[in-house]
Amino acid sequence: MLYSEKVTDHFRHPRNVGKIEDADGIGEVGNVTCGDIMRIYIKVENNIITDVKFNTFGCGSAIASSSMATEMIKGKPVSEALKLTNKAVVEALDGLPAHKLHCSVLAEEAVQAAVKDYYDKNSIEYDPLDFAIGCSGCGGECEV
């Protein structure tokens, strides 16, 4: 089987799909090679992500990665969401094919972009090194 049951489930029944009109942070990333575009919206209260939604235009792995990433950060402190890695998303999905690892990288980057947007909108200081750019931890297996 090419995809795990979790990937198939999150693709067929994605969690947290939609848009938050008054989002506190919005992150949008894309991969020109495959055409995937991911947008994540976060709502924050007392430094906790109280709501998160996503819109993804892409393959099943991109949708599943978005869905899983939102599940993993919902209810968590913003600082913890910032530490979400593409590897953690892949593990939570019980794996992705090597040629689809870039989808989990996009999920990580979209979460980081949403947190950065939240910090910027609220004039919260941060270390720019906390925000990875490009491939972060896939060991060079992806095509990002």
Side-chain angles (χ1 to χ4, degrees), residues 1-20 23-121 124-144:
M1 176 157 62
L2 188 58
Y3 294 103
S4 71
E5 286 182 30
K6 283 188 183 178
V7 171
T8 303
D9 182 48
H10 276 268
F11 168 66
R12 289 187 177 151
H13 310 286
R15 284 70 155 173
N16 308 306
V17 174
K19 179 179 181 180
I20 299 174
D24 295 313
I26 302 170
E28 183 175 325
V29 296
N31 181 309
V32 292
T33 303
C34 65
D36 294 335
I37 299 170
M38 202 174 284
R39 182 178 284 171
I40 291 187
Y41 306 84
I42 58 173
K43 192 76 178 154
V44 180
E45 292 177 30
N46 299 320
N47 206 34
I48 302 292
I49 297 175
T50 57
D51 196 12
V52 58
K53 302 277 187 218
F54 79 92
N55 292 124
T56 294
F57 175 81
C59 66
S61 294
I63 292 167
S65 293
S66 302
S67 175
M68 181 57 80
T70 61
E71 287 286 281
M72 294 173 78
I73 67 169
K74 194 172 192 175
K76 302 283 196 270
V78 174
S79 59
E80 192 173 322
L82 189 55
K83 295 176 185 171
L84 179 74
T85 65
N86 62 303
K87 184 178 178 187
V89 172
V90 171
E91 288 173 359
L93 288 170
D94 293 337
L96 282 174
H99 68 284
K100 293 294 185 178
L101 290 176
H102 66 275
C103 296
S104 63
V105 173
L106 283 177
E108 173 187 335
E109 291 176 343
V111 168
Q112 288 180 351
V115 170
K116 183 178 184 304
D117 185 48
Y118 166 70
Y119 284 169
D120 289 344
K121 286 178 177 174
I124 298 170
E125 287 189 35
Y126 57 85
D127 183 347
L129 297 176
D130 286 339
F131 299 91
I133 296 179
C135 190
S136 50
C138 73
E141 296 172 25
C142 61
E143 299 149 7
V144 177

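Just so you know, these numbers come straight off a predicted model, no measurement behind them. We count residues from 1, following the sequence as given.
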If I take atom [atom1] from residue [X] and atom [atom2] from residue [Y], how far apart are they, to the nearest 0.5 angstrom?
{"X": "Ile63", "Y": "His10", "atom1": "CD1", "atom2": "NE2", "result": "13.0 Å"}
{"X": "Asp130", "Y": "Lys116", "atom1": "CG", "atom2": "NZ", "result": "11.5 Å"}
{"X": "Thr8", "Y": "His13", "atom1": "OG1", "atom2": "NE2", "result": "9.5 Å"}
{"X": "Asp94", "Y": "Met68", "atom1": "CG", "atom2": "CE", "result": "7.5 Å"}
{"X": "Leu2", "Y": "Lys100", "atom1": "CG", "atom2": "NZ", "result": "8.5 Å"}
{"X": "Ser65", "Y": "His102", "atom1": "OG", "atom2": "NE2", "result": "9.0 Å"}

Results of side-chain contact (heavy atoms from CB on, under 4.5 Å) for [X] - residues two or more places apart only:
{"X": "Val90", "answer": "Leu96, Leu101, Ser104"}
{"X": "Ala114", "answer": "Ile40, Ile42"}
{"X": "Ser66", "answer": "Met38, Phe54, Thr56"}
{"X": "Lys43", "answer": "Ile20, Asp22, Asp24, Thr50, Asp51"}

For [X] and [Y], work out which heavy atoms get closest and say how close.
{"X": "Ala113", "Y": "Val29", "answer": "CB-CG1, 4.5 Å"}
{"X": "Ile26", "Y": "Arg39", "answer": "CG2-CG, 3.8 Å"}
{"X": "Val111", "Y": "Ala69", "answer": "CG2-CB, 4.3 Å"}
{"X": "Gly60", "Y": "Phe11", "answer": "CA-CD1, 3.3 Å"}
{"X": "Asn55", "Y": "Gly18", "answer": "OD1-O, 3.2 Å"}
{"X": "Arg15", "Y": "Ser67", "answer": "N-OG, 2.9 Å"}

CA sep, side-chain torsions, deciding dist, call: Glu108, Leu84, side chain to side chain contact (heavy atoms under 4.5 Å, CB included)
CA-CA 6 Å; Glu108 173 187 335; Leu84 179 74; 5.5 Å; no
Spell out, as yes or no, whether a donor-acceptor pair under 3.5 Å connects the side chain of Asp127 to the backbone of Leu129.
yes
Tyr126 meets the ring-ring contact (aromatic ring centres under 6.0 Å, His included) criterion, sequence neighbours left out, with Tyr119, Phe131
How far apart are the C-alpha atoms of Glu91 and Lys87, what are their side-chain angles, what is the distance that settles it, and do they pass the side chain to side chain contact (heavy atoms under 4.5 Å, CB included) test?
CA-CA 6 Å; Glu91 288 173 359; Lys87 184 178 178 187; 3.1 Å; yes
Under 3.5 Å donor-acceptor pairs involving side-chain atoms of residues 72-83, not counting sequence neighbours:
from  : atom 1 : to    : atom 2 : distance (Å)
Lys74 : NZ     : Asn16 : OD1    : 3.2

